[in-house]
There are 2 protein chains.
Amino acid sequence: MKVFEVVGQTRSFTRAAERLNLTQSAVSRQVRNLEDALGEDLLIRRHHHLELTPAGAELLATIQEAFHSIEVSLRSITEKSNQNRLRINVPPTFAKRWLLPRLARLREALPDVDISLSTEATDTLAERGLLDCAIRFGDGEWPMLDASILMTERHVVVCAPSLLEGAKVEGPSDLQRFTFLHVLASPDRRYLTWRHWLDAAGFQDVDTRGGLEFDLLDLAIEAACAGLGVTVADRSMVRNQLQSGQLVQLFDVAVEGHESYWFVTRPQSAGNRKVDAFRAWLLAEAAADRAE
Amino acid sequence: MKVFEVVGQTRSFTRAAERLNLTQSAVSRQVRNLEDALGEDLLIRRHHHLELTPAGAELLATIQEAFHSIEVSLRSITEKSNQNRLRINVPPTFAKRWLLPRLARLREALPDVDISLSTEATDTLAERGLLDCAIRFGDGEWPMLDASILMTERHVVVCAPSLLEGAKVEGPSDLQRFTFLHVLASPDRRYLTWRHWLDAAGFQDVDTRGGLEFDLLDLAIEAACAGLGVTVADRSMVRNQLQSGQLVQLFDVAVEGHESYWFVTRPQSAGNRKVDAFRAWLLAEAAADRAE
DNA sequence: AGCAAGCATTCCTTTTTGGAATGCTCTCAC
DNA sequence: GTGAGAGCATTCCAAAAAGGAATGCTTGCT
């Protein structure tokens with residue numbers, strides 16, 4: 001069929017064969033097969049040139065249009081989508097608190113890369129379809145995927161300055177007066193960030209059973225800003241709020257978390273220009289972040 | 001590609017395979033090959049159902065439209081053109097004087113056959129392209145073609161009644177007074193119909209060198225009707241004019257010509273419904289014509 | 001927990017497609 | 001009008017693509 005299209009354009013089996021990187025013999029038979037299948041001639045073989053029959057002319061026009069639209073679609077898939085668009089899933093809190101504030105800079109650094117950002121809690125990167133890469137929170141061990149560490153969490157305790165009412169907070173008992181804000185790993189299970197932080201700080205006997213629970217760290221931080229209580233959060237996630245005074249840090253204890261944020265890609269993406277560029281940018285930003 | 005279209009519709013390799021009369025294995029690989037070629041996934045394999053990626057959805061839509069238009073075009077070629085239309089070349093004079101007056105009856109007899117009538121002096125039937133069949137004048141010997149005889153020429157001499165001015169025309173000398181109308185076989189060669197007729201009539205010493213020449217018998221007949229001279233013509237070609245009195249026949253001599261009109265087809269058309277029907281009708285009409 | 005549905009994969013067969021060489025016919029030029 | 005060349009057809013064989021059967025693997029459902 002493709003063969004007939006080229007023959008129709010070149011009006012010659014020989015030239016069509018050249019253009020298609022085939023022999024004239026192959027072209028001749030392809031067209032003949034098509035004609036036989038249709039039970040209708042498409043070309044009139046004259047010596048030194050070919051003419052289209054009415055049926056051939058009609059079919060040629062249709063085929064050209066159809067192939068063209070398919071070609072455009074194919075190109076838009078292989079080129080546009082593949083070469084310019086980077087589809088990435090980022091955990092919601094990381095997206096909002098870390099990536100979004102840096103998106104403008106990303107656009108400057110990689111002006112020719114279009115970003116598609118989704119914030120599913122669990123991404124579908126392994127299913128090799130909708131995503132080019134992802135940022136994940138975890139231990140960096142994901143089968144069949146490549147991961148580069150971006151940053152390890154450094155947990156600090158924060159709350160709204162209004163909550164303090166000028167009082168000093170210096171020990172476990174002071175802390176116990178506040179409402180604890182927790183983040184859920186699943187509907188019935190909390191992340192153990194409070195536990196880890198308290199252990200690291202050397203605070204025993206603090207009862208964290210009460211308090212508010214949120215499914216997203218982001219909501220817990222928002223709650224803290226609103227003066228609802230104290231929460232443990234990664235320092236990078238609340239840097240802006242600390243700088244603007246929306247939040248204050250309690251205690252000078254920063255606990256290295258057990259898990260980290262990773263940039264995750266599929267092995268097939270190795271060497272992919274835009275993925276590599278994005279990774280480089282992310283790592284540079286993360287390094288700058290740590291240096292602050 | 002066709003495979004992907006069906007998979008996109010059925011959302012299942014297994015069902016697509018059934019519809020395509022293939023195995024699930026073949027379908028699976030076809031799609032995988034397409035994806036590999038594009039470097040882009042088109043489907044998300046879930047268990048118990050498939051989902052389209054954005055790229056897949058876009059491609060599916062394009063492909064469906066493109067294939068549909070090609071299919072329509074293909075169908076119009078194989079069905080409409082092939083099944084309903086009969087393309088036929090008929091020598092000009094035969095077309096005008098014999099076939100055209102019978103076209104209305106042909107439409108009645110074969111209402112579902114559309115006729116495409118061309119009147120090239122030399123048809124292209126052997127080149128298998130534009131024609132389904134032809135009517136030819138000759139000896140019935142054409143390589144690679146099948147021929148059925150329709151009618152043998154019966155030459156009579158005719159002229160306009162006004163030309164006679166009431167005079168009797170009974171011998172060669174009477175004939176010599178008229179202008180002879182000739183038909184050319186090629187620019188410099190006449191058909192020998194006058195010669196044959198004169199020989200058969202037993203008229204010696206008639207000088208036919210002068211007179212008017214025409215490239216078509218039809219023009220010669222028209223000239224005769226206009227009173228320009230006498231011509232030899234096949235009786236079937238002038239039957240209407242004789243009946244209406246536009247022409248009259250001179251002498252009661254009808255000469256069987258050396259050549260005949262034949263219905264000619266390609267061997268590949270053997271068994272073709274519309275060709276067979278047309279042949280049957282032609283032969284019946286020719287028989288009826290002879291009976292008159 | 002076990003079964004069934006459904007896609008992936010492997011190995012082998014079948015079908016299709018392609019290439020090289022050759023033949024045939026027409027056109028063009030001398 | 002004759003020879004050369006251009007261009008399509010055809011034949012035979014090789015290569016490659018597609019297909020089939022069987023099997024494995026994962027997951028959703030009962």
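Remark: P of D/dA17 and CE of B/M1 are 17 Å apart, rounded to the nearest angstrom. Spacing between atom CZ of B/R46 and atom C1' of D/dC29 amounts to 18 Å, rounded to whole angstrom units. Atom NZ of A/K2 is separated from atom P of C/dG18 by 14 Å (rounded to the nearest Å). Per the geometry, CD belonging to A/Q30 stands 16 Å off P belonging to D/dC8, to the nearest Å. In this structure, CG of A/L50 is placed 14 Å from P of C/dT27, rounded to the nearest angstrom. Rounded to whole Å, the distance from CD on A/E18 to C1' on D/dG7 is 12 Å. Going from atom CD1 of A/I44 over to atom P of D/dG7 covers 18 Å, rounded to whole Å. One atom, CG of B/L20, and another, P of D/dG20, lie 10 Å apart when rounded to the nearest Å.
The side chain of A/F13 approaches D/dA9 more closely than any other nucleotide in the set C/dA8, D/dA9, C/dG19. Residue B/N33 places its side chain closer to D/dA18 than to any other of D/dA18, C/dG19, D/dT10. The B/L22 side chain lies nearest to D/dG20 when the options are D/dG20, D/dC8, D/dC12.
Ring geometry for B/F137 against B/Y191 counts as perpendicular: the plane angle is over 60°, on a 0 to 90° scale with 30° as the lower cut.
At a cut-off of 3.5 Å, with distance as the only test, no side-chain donor of B/S69 or A/E65 sits close to an acceptor on the other residue.
Note on B/N21: only backbone sugar-phosphate atoms sit closer than 4.0 angstrom, heavy atoms only; bases stay farther off. Heavy atoms of A/T14 sit under 4.0 angstrom from primed sugar atoms or phosphate atoms, though from no base atom.
Between the side chain of A/Q24 and the base of D/dA9 there is at least one donor-acceptor pair of N/O atoms closer than 3.5 Å.
Side-chain atoms of A/D215 do not come within 3.5 Å of backbone N or O of A/L184 as any donor-acceptor pair. At distances below 3.5 Å, not a single donor-acceptor pair connects side-chain atoms of B/R11 with backbone N or O atoms of B/L52.
In this structure, A/R45 reaches the D/dA9 phosphate: one of its side-chain N or O atoms is under 4.0 Å from OP1 or OP2. When the side-chain nitrogen and oxygen atoms of A/R32 are compared with OP1 and OP2 of D/dT10, one or more of them lie within a distance under 4.0 Å. Not one side-chain nitrogen or oxygen of A/S25 sits closer than 4.0 Å to the OP1 or OP2 atom of C/dG18.
By the 4.0 Å N-to-carboxylate-O rule, A/R32 lies close enough to A/E35 to be salt-bridged with it.
Heavy-atom nearest nucleotides on DNA chain C were determined for B/R15 and for B/R29, and the one closer to the 5' end corresponds to B/R15.
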